[in-house]
Asker: 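Starting off with a structure, shown below.
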Amino acid sequence: MGYIEETYNFKDKTVVVTGSSRGLGREIALVFSKAGANLVLASRDSEKLKVVAEEIKSEGGRVLPFSVDVTNKEQVEALMEKACDEFGQIDVLINNAGVIYRVPAAQMSEEEWDDTIAVNLKGTFLCSQAAGKKMIEKRSGKIVSISSEKGLVGFPERSAYCASKGGIVMLTKALAVEWAPYNIQVNAIAPTYIETEMTREILSDPEKYREVISTIPMKQVCKPRDLFGAILLFASEASSLITGQTLPVDGGLTAW
Ligand SMILES: NC(=O)c1ccc[n+]([C@@H]2O[C@H](COP(=O)([O-])OP(=O)(O)OC[C@H]3O[C@@H](n4cnc5c(N)ncnc54)[C@H](OP(=O)(O)O)[C@@H]3O)[C@@H](O)[C@H]2O)c1
C-alpha cells in the first residue's frame with residue numbers, strides 16, 4: 001500500500017458519531033461508512049437513527065444505531081460499552097451533537113443557557129471521557145469535535161453558543177495534553193455556516209443570507225462535504241503528531 005492508502009485507511013475502524021440522526025452528523029457517518037468503517041450512530045431520535053442505519057446497511061456497511069442523550073453520563077457510558085461489545089474497540093469519536101439558541105443575551109433564559117452548555121460542552125466532555133477511557137486502554141484513538149467559528153470570534157445573539165464552542169476549543173487542548181502519553185490525538189474543527197436544518201431559516205432568507213456572506217472572504221457557506229477534508233485529517237494517521245488544534249473551515253472568516 002502507498003502512503004495515501006495506508007494513512008487514510010478506515011477499513012474496519014470503529015467510528016462513533018454523535019448527532020448523526022440528521023445534518024452534518026449523518027453526512028459524516030455516510031462518508032466513513034463508504035470508506036469501510038464500522039459506524040456507531042448516536043443521538044436521541046431512534047426513528048431517525050434507524051433510517052440512517054438502513055441507508056448504511058443497504059450499501060453493505062456495518063452499523064449500530066444507539067439512542068442516547070449526550071448530556072446523560074450513564075447513557076453515554078452505555079453507548080461506548082455497546083460500541084466496544086459490538087465492534088471490539090473505538091478508534092474515532094466525532095463529537096458533533098449540538099444545539100443553538102439565537103437570542104439576545106439580555107433575553108436569554110436560564111434554560112436556553114443551560115441546555116446549550118449541557119449539550120455542546122458537557123456532552124462533548126462526557127463522550128470524550130467515556131470513549132477516552134477505552135482509547136487509553138488500547139493506547140490509541142482519535143477525537144474530533146465540531147466547534148464553530150463562533151468558538152473563535154464573538155457573534156451577537158449567540159452568547160451561550162459562543163461560550164460552549166469556545167469551551168470546546170479549550171477542552172480540546174486540555175484533553176490533548178493529558179492524553180498525549182496514550183497516543184490519543186484530540187482536535188476540533190471550526191466551521192462557518194453549514195447548509196443544514198440548523199441554519200435553514202437564516203440561509204433561506206435572502207437578506208440574512210447576504211449578511212452572512214458579507215462576513216466570509218470566500219463568499220460561500222459550507223456544504224457538509226467542505227468539512228470532510230479537515231475531519232478525515234484529524235480522524236486519520238495523517239494527524240499522528242497534530243493534537244490540541246482547532247482548524248477553522250470558514251472561507252477565511254477568522255482570517256480577517
Ligand atoms: N449548521 C451550522 O451552520 C454549523 C456551523 C458550525 C458548527 N456547527 C455544529 O455542527 C454540529 C452539527 O450541526 P448540524 O447543523 O448538523 O445540526 P442539526 O441539523 O440541528 O443536528 C444536530 C444533531 O445533534 C443531535 N443532538 C442534539 N441534542 C442532542 C442530545 N442532547 N443528545 C444527543 N444528540 C443530540 C440531534 O439529534 P437528535 O435530535 O436525534 O438528538 C442532531 O442529530 C453541531 O455541533 C453544530 O453546533 C453547525
Side-chain angles (χ1 to χ4, degrees), residues 16-31 39-53 65-76 78-80 93-102 111-112 114-128 130 144-153 155 158 160-169 171-172 188-204 208-209 212-213 215-216 220-228 230-231 246-251 253-254:
V16 179
V17 186
T18 70
S20 38
S21 57
R22 59 174 193 265
L24 178 62
R26 170 183 166 275
E27 302 272 352
I28 294 171
L30 294 175
V31 164
L39 260 298
V40 182
L41 308 176
S43 72
R44 293 163 306 175
D45 188 330
S46 54
E47 287 309 309
K48 283 198 179 146
L49 284 181
K50 261 190 230 157
V51 174
V52 182
F66 194 94
S67 178
V68 65
D69 181 336
V70 294
T71 68
N72 182 309
K73 186 173 160 112
E74 265 177 37
Q75 291 182 19
V76 167
L79 160 72
M80 302 308 172
L93 165 66
I94 311 285
N95 285 310
N96 167 79
V99 293
I100 191 167
Y101 297 92
R102 299 179 184 92
E111 288 73 25
E112 289 166 336
D114 286 347
D115 191 44
T116 310
I117 302 297
V119 178
N120 297 4
L121 186 53
K122 179 179 164 182
T124 297
F125 175 71
L126 291 178
C127 292
S128 302
V144 187
S145 300
I146 313 300
S147 175
S148 166
E149 62 187 10
K150 296 175 182 69
L152 299 172
V153 292
F155 267 70
R158 308 286 196 282
Y161 190 74
C162 287
S164 69
K165 295 295 185 177
I168 290 178
V169 173
L171 177 63
T172 297
I189 66 166
T192 186
Y193 288 80
I194 313 164
E195 289 174 357
T196 65
E197 226 170 282
M198 192 179 259
T199 52
R200 188 152 302 138
E201 203 189 308
I202 291 183
L203 298 181
S204 61
K208 287 186 182 153
Y209 181 78
V212 165
I213 284 295
T215 65
I216 304 174
Q220 284 176 42
V221 295
C222 281
K223 297 203 180 331
R225 66 178 298 127
D226 296 318
L227 303 167
F228 296 160
I231 293 170
T246 297
L247 179 60
V249 185
D250 63 358
L253 183 139
T254 52

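Worth saying up front: this structure is predicted, and the values here are computed from it rather than measured. Order of appearance sets the numbers: ligands from 1, and atoms from 1 within every ligand.
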Asker: State, yes or no, whether a side-chain contact exists between Asp115 and Val99 at a heavy-atom distance under 4.5 Å.
Answerer: yes

Asker: Could you tell me which atoms of ligand 1, counted from 1 in the order shown, lie closer than 4.0 angstrom to a heavy atom of Thr196?
Answerer: 1 (N), 14 (P), 15 (O), 16 (O)

Asker: May I ask you to identify the nearest protein heavy atom to atom 37 (O) of ligand 1, giving residue, atom name and distance to one decimal place in Å?
Answerer: Ser21 OG, 3.0 Å

Asker: With a 4.5 Å cut-off on side-chain heavy atoms, are Ile194 and Val221 touching?
Answerer: no

Asker: So, Asn95 and Thr124: side-chain donor and acceptor under 3.5 Å apart, yes or no?
Answerer: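 Absent: no donor and acceptor within the cut-off.
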
Asker: Hey, which atoms in ligand 1 end up nearer than 4.0 Å to a heavy atom of Leu24?
Answerer: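 Once the distances to Leu24 are compared, the set is 10 (O), 16 (O).
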
Asker: Backbone, side chain, both or neither: what part of Asn120 comes under 4.0 angstrom of ligand 1, heavy atoms only?
Answerer: neither

Asker: How far is atom 47 (O) of ligand 1 from its nearest protein heavy atom, and which residue and atom is that?
Answerer: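 Of every protein heavy atom, Tyr161 OH, 2.6 Å lies nearest to atom 47 (O) of ligand 1.
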
Asker: Which residues pass the salt bridge (Lys or Arg N to Asp or Glu O under 4.0 Å) test with Arg22, not counting sequence neighbours?
Answerer: Glu197

Asker: For atom 24 (O) of ligand 1, which candidate among Gly98, Ser46, Gly151 provides the closest heavy atom?
Answerer: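 It is Gly98 whose heavy atom sits nearest to atom 24 (O) of ligand 1.
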
Asker: What residue among Arg225, Arg200, Lys223 forms salt bridge (charged side-chain N to carboxylate O under 4.0 Å, His left out) with Glu195?
Answerer: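 Only match with Glu195 under salt bridge (charged side-chain N to carboxylate O under 4.0 Å, His left out): Lys223.
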
Asker: To which of Ile146, Ile189, Asn96 does the heavy atom nearest atom 44 (C) of ligand 1 belong?
Answerer: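 Going through Ile146, Ile189, Asn96 one by one, Asn96 has the nearest heavy atom to atom 44 (C) of ligand 1.
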
Asker: Please list, in number order, the atoms of ligand 1 under 4.0 Å from a heavy atom of Tyr193.
Answerer: 3 (O)

Asker: For Asp69, is there any backbone N or O sitting under 3.5 Å from a side-chain donor or acceptor partner on Gln75?
Answerer: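 Side chain of Gln75 to backbone of Asp69: a pair is present.
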
Asker: Under 3.5 Å, is there a donor-acceptor pair linking the side chains of Asp250 and Tyr193?
Answerer: no

Asker: Using a 4.5 Å cut-off on heavy atoms from C-beta on, say whether the side chain of Val144 contacts that of Leu93.
Answerer: no

Asker: Closest non-hydrogen protein atom to atom 5 (C) of ligand 1, residue and atom name please, with distance?
Answerer: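 In this structure, atom 5 (C) of ligand 1 has Thr192 O, 3.3 Å as its nearest protein heavy atom.
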
Asker: Have a look at Gly123, Ala190, Ser147 and point out the one with the heavy atom closest to atom 7 (C) of ligand 1.
Answerer: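 Heavy atom nearest to atom 7 (C) of ligand 1 belongs to Ser147.
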
Asker: Below a 4.0 angstrom heavy-atom separation, can you tell me which part of Lys165, side chain or backbone, both or neither, approaches ligand 1?
Answerer: side chain

Asker: Going by atom types alone, do Ser67 and Asp45 pair a side-chain donor with an acceptor below 3.5 Å?
Answerer: no

Asker: Would you say Ser148 and ligand 1 have an N/O pair spaced under 3.5 Å apart?
Answerer: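 There is no such contact.
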
Asker: Any side-chain heavy-atom pair from Ile231 and Ile94 closer than 4.5 angstrom?
Answerer: yes

Asker: Hey, is Asp45 touching ligand 1 through its side chain, its backbone, both or neither, going by heavy atoms under 4.0 Å?
Answerer: both

Asker: Would you say Lys48 contacts ligand 1, with heavy atoms under 4.0 Å as the rule?
Answerer: no

Asker: Is the terminal nitrogen or CZ of Lys150 (NZ for Lys, CZ for Arg) located under 6.0 angstrom from the six-membered ring centre of Tyr161 and within 45° of that ring's axis?
Answerer: no

Asker: Classify the contact between Asp69 and ligand 1 as side chain, backbone, both or neither, using a heavy-atom distance cut-off of under 4.0 Å.
Answerer: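 Within the 4.0 Å criterion, Asp69 contacts ligand 1 through backbone and side-chain atoms alike.
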
Asker: With heavy atoms under 4.0 Å as the rule, classify the contact between Thr199 and ligand 1 as side chain, backbone, both or neither.
Answerer: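 Side chain only.
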
Asker: Is there a polar contact between ligand 1 and Thr71, counting only N or O atoms under 3.5 Å apart?
Answerer: no

Asker: Can you tell if the side chain of Ile189 reaches within under 4.5 Å of the side chain of Thr246, non-hydrogen atoms only?
Answerer: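 The answer is no, as the side chains (C-beta and beyond) never meet within the 4.5 Å cut-off.
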
Asker: Touching ligand 1 at all, Val221? Heavy atoms, strictly under 4.0 Å?
Answerer: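 Val221 does not count as a contact of ligand 1 under the 4.0 Å cut-off.
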
Asker: Distance under 4.0 Å to a non-hydrogen atom of Val119: what atoms of ligand 1 satisfy this?
Answerer: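 In order of numbering, the contacting atoms are 28 (N), 29 (C), 31 (N).
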
Asker: Report the member of Glu47, Met198, Arg22 with the shortest heavy-atom distance to atom 36 (C) of ligand 1.
Answerer: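 The nearest heavy atom belongs to Arg22.
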
Asker: Please report whether ligand 1 has a polar contact with Gly19, defined as an N or O pair separated by less than 3.5 Å (distance criterion only).
Answerer: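 Right, the criterion is met.
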
Asker: Which bit of Val68 gets closer than 4.0 Å to ligand 1, counting heavy atoms only: side chain, backbone, both or neither?
Answerer: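 For Val68, the contact with ligand 1 is made by the backbone alone.
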
Asker: Are any of the N/O atoms in Pro191 less than 3.5 Å from those in ligand 1?
Answerer: no

Asker: List the closest protein heavy-atom neighbour of atom 41 (O) of ligand 1: residue, atom name, distance to the nearest 0.1 Å.
Answerer: Arg44 NE, 2.7 Å

Asker: Considering both backbone and side-chain atoms of Val99, is one of its nitrogen or oxygen atoms within less than 3.5 Å of a nitrogen or oxygen in ligand 1?
Answerer: no

Asker: For ligand 1, which atoms, with element, lie under 4.0 Å from some heavy atom of Gly23?
Answerer: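 Here the atoms of ligand 1 in question are 16 (O), 19 (O).
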
Asker: Between ligand 1 and Val70, is the shortest N or O to N or O distance under 3.5 Å?
Answerer: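 Yes, at least one N or O pair falls under 3.5 Å.
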
Asker: Regarding Ser21 and Ser43, is there a side-chain donor-to-acceptor distance under 3.5 Å anywhere?
Answerer: yes

Asker: Note the single closest protein heavy atom to atom 35 (C) of ligand 1, along with its residue, its atom name and the distance in Å.
Answerer: Ala97 CB, 3.7 Å

Asker: Checking a contact table here: which protein heavy atom is nearest atom 48 (C) of ligand 1, and how many Å away?
Answerer: Ile194 CD1, 3.6 Å

Asker: Between Thr192 and Val249, is there a side-chain heavy-atom distance shorter than 4.5 Å?
Answerer: no

Asker: With the side chain counted from C-beta on, respond yes when Ile100 and Arg158 share a heavy-atom pair under 4.5 Å apart, and no when they do not.
Answerer: yes

Asker: Looking at side-chain heavy atoms only, is the closest gap between Lys165 and Asn120 below 4.5 Å?
Answerer: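 When only atoms from C-beta onward are counted, Asn120 and Lys165 do touch, with a gap below 4.5 Å.
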
Asker: Can you check side-chain hydrogen bond (donor to acceptor under 3.5 Å, both in side chains) on Thr254 and Glu149, steps first, answer last?
Answerer: CA-CA 7 Å; Thr254 52; Glu149 62 187 10; over 6 Å; no

